[in-house]
Amino acid sequence: MSGASRLGDPGGVSRTLRGARLQLRVIQALLLREMQTRFGRNQLGFLWLFLEPLLLAGAIATIRWAFAPTNPYPGIPIFVFALVGYLPYFTFRAIVSRAPGTLQANMTLLYHQQIKLLDVVLARHALEFAAIITIMALIVFGVAVWADLLPNSIPILLVGLVLLFLFAHGLGLCAAAAAAASEIAERLIHPLVYLSLPLSGALIPLHSLDPSIRAVLLWNPQAHIHEMVREGFFGHLLPSYFDIGYVVFWVGIVNLLGLAALRAVRPRLEF
Amino acid sequence: MKLSPPTRPSEPLAASGVEPSAARLPPPPSRRRRTSRIGRWFALLVLVPTAILAAYYAFVAAPLYESEASFVVRNRGAMASAGAGADGRGGGMAGAFATSRPAMEEARAVLAYIDSHAAVAAIRRDTDIVGLWRVPEADALSRLWWSEPQAEWLLWYWRRRVMAEFDPETAVLRLRVQAYRPEDAQGLAARLLQASETLVNTFSARSIADTMRAAQEDVEKAEARVLAAREALIAFREREAAFDPQAAATGAMSTLAALNNTLAQARTELAERRAFMRPDNPQLQILQNRIAALQAQIAAERQRVTRGEEALTQQVASFERLELERQLADRQLASAVTSLEQARSDAIRQQVFIMRVADPHLPEWPRYPRGTFNTFTVFISLSVLFGIGWLLVVSAREHAN
């Protein structure tokens, strides 16, 4: 709070820039630390960041393939379809459902003067984002080599992933703040995240749904994001329905709420 | 677990010397200064742009009238049932309408056309669309900026003023056209509808021509084959001077058989008479003469049937070939004619046409631009962005203490 209280100091812009540079370095350091704590010093442990979603997506693809051997989407390998559909959801879930624990896990760090609440959260989310971008790049490469299917539009794919990250980041901030504010909220976040899977349209293309159901699902910005990622990957092989403006609107709302909520709960954090 | 002394993690340690409550609740002057600073940034980044936009909509923006039309692209009866063809032909328009269904592909094609250079060029030929979007009452910002626009820029502007939507559920195409004068909007919408109709008619004509041409070509080919087969048969008959070599051959064979029969009888008679007659008996002589004559006749007949190249057997073979060709050609012609009939009825059913659901109306009140709505949207969006930016800036500045 003392930083905010001195906002009126002269030389505001240059101080902001200096602060931003410092913050960047703090986040970098936290990123390295986060990787260490999560994967240990083992060199291979770091690989789990990529292997985990790949394995899960692979399992889901196999199940889908086992239950519906006939491919409902001509020209799209079912494995690739499941991978591309599930991966963004995996990242979303990883960010949002881990968010409540972030503050608790890193509470001791906050004794350092240079480390603020937002830095901890940002470092964690940035790690997830780096992971999903790397995995997506691997998938694009692998699919191009083995399935001979080049992504339709890399910019749309990237914008979709960035929007997904920003949306998950905003929701993660909200979740972290809510968990800090009340224990009930913390308990509710996990089931809510799981419930969001069928509503997110991650595994079902909206095109194959009834128009009335599609209209309902399109209220969920997540559905737009998944459609965007699919559009970026498969293009005209699968008609898609999304509205970037709508997603950006929601991204703005959740980020504002998240940032504000995180500031609001800061005084209540203690242990 | 509680640590002592009770501090909050968010509190920088440097500030621990200061009374915590003082840090959390800064003295009033400082707070006022802070708010005024934020207020200034807020005014600069949110209020000023919003005010500029609002002023534009309030004082500058010219009203835009929107004319709306909706239509359906339909196919004349396309249920591929067996009896549909006959019904379609027999029932005429009524029958065709009864079985008509929306033509999705054609509707999408019309949608693509409305959004294309081709449509702009076609409309521009007889309607002054540039002048229509550059009327004096149009404001400088929203009107068409060029008096002689290049095709690409005109299309860019066209796409902002002419919108077509396709509803896959109802198959209704909705066309919306905006212009600065109500009658212009209506006129342009009507003209565009007309152009779409022309396009659809071209589709129909093309598909009918395609379907019919193949069948027609088949019929012509079959006719030519029949004619050629008949010609060949006639030529053969003239050359061989035989109407039906097969019948002739049969005749020759039966003649030969009869002659052989008679010869055998004569020989039997000769052998029988020789037994009791003297060799110089004139009756024997007569019989021998007859046998000789019969043998000569048989040789002559044989000669005639198997005479070199023009042997009757060969004649029969080539005649049979020609006859078979004629029959095949006849059959092909019959089937080609049937296909042509089928193609004709198919073509009638393939015809696509535009059914107007709502003609372009004459707008009375300018719906666009939606100044209030846009201003509010921009204000709220900018506020949200400002909020996020401010919170990020504050968190960055905290590091610079």
Side-chain angles (χ1 to χ4, degrees), chain A residues 1-9 11-27 103 106-119 122 166 170 173 211-212 239 245 248-249 251-260 262-263 265-271, chain B residues 1-41 108 167-170 377-378 380-401:
Chain A
M1 280 310 243
S2 64
S5 71
R6 278 196 232 150
L7 244 157
D9 285 1
V13 174
S14 74
R15 223 184 68 151
T16 310
L17 285 178
R18 193 154 50 88
R21 266 197 301 276
L22 275 167
Q23 189 177 21
L24 211 65
R25 276 172 50 200
V26 168
I27 292 173
L103 298 185
N106 294 299
M107 200 61 86
T108 46
L109 275 176
L110 297 177
Y111 277 113
H112 295 279
Q113 189 193 351
Q114 292 300 340
I115 299 176
K116 310 291 175 196
L117 267 182
L118 187 61
D119 302 349
L122 264 176
L166 289 176
L173 288 174
S212 54
V248 169
F249 165 76
V251 163
I253 296 285
V254 293
N255 272 288
L256 181 67
L257 283 178
L259 285 169
L262 202 66
R263 277 194 98 68
V265 298
R266 198 156 65 157
R268 304 175 54 166
L269 279 177
E270 54 181 310
F271 61 115
Chain B
M1 55 175 179
K2 285 252 177 200
L3 289 184
S4 60
T7 62
R8 298 168 200 289
S10 55
E11 233 55 84
L13 283 183
S16 60
V18 190
E19 182 63 36
S21 63
R24 271 206 313 284
L25 294 170
S30 157
R31 178 173 273 270
R32 204 182 305 129
R33 250 167 62 211
R34 196 183 78 197
T35 8
S36 74
R37 209 178 164 83
I38 295 168
R40 230 177 296 151
W41 280 109
R108 287 187 199 283
D167 182 354
E169 305 315 311
T170 57
T377 311
V378 164
I380 290 171
S381 315
L382 283 178
S383 302
V384 167
L385 281 181
F386 179 82
I388 294 173
W390 177 64
L391 286 166
L392 286 177
V393 163
V394 166
S395 91
R397 287 170 71 96
E398 279 174 355
H399 292 81
N401 284 334

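In what follows, chains are A, B, ... by sequence order, proteins preceding strands, each numbered from 1.
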For B/Leu391, all residues meeting side chain to side chain contact (heavy atoms under 4.5 Å, CB included), sequence neighbours excluded: A/Leu256, A/Leu259, A/Ala260, A/Arg263
Residue A/Ile253 versus chain B: region with a heavy atom under 4.5 Å: both
If you tally heavy-atom pairs under 4.5 Å against chain B, which of A/Leu109, A/Asp119, A/Leu24 wins? A/Asp119
Show your reasoning for whether side-chain contact (heavy atoms from CB on, under 4.5 Å) applies to A/Val248 and A/Leu166. CA-CA 9 Å; A/Val248 169; A/Leu166 289 176; over 6 Å; no
If I take atom CZ from residue A/Phe249 and atom CD1 from residue B/Ile380, how far apart are they, to the nearest 0.5 angstrom? 7.5 Å
So for B/Ser381, is it side chain, backbone, both, or neither that comes closer than 4.5 Å to the heavy atoms of chain A? neither
For A/Val265, all residues meeting side chain to side chain contact (heavy atoms under 4.5 Å, CB included), sequence neighbours excluded: A/Ala177, A/Ala180, A/Ala181
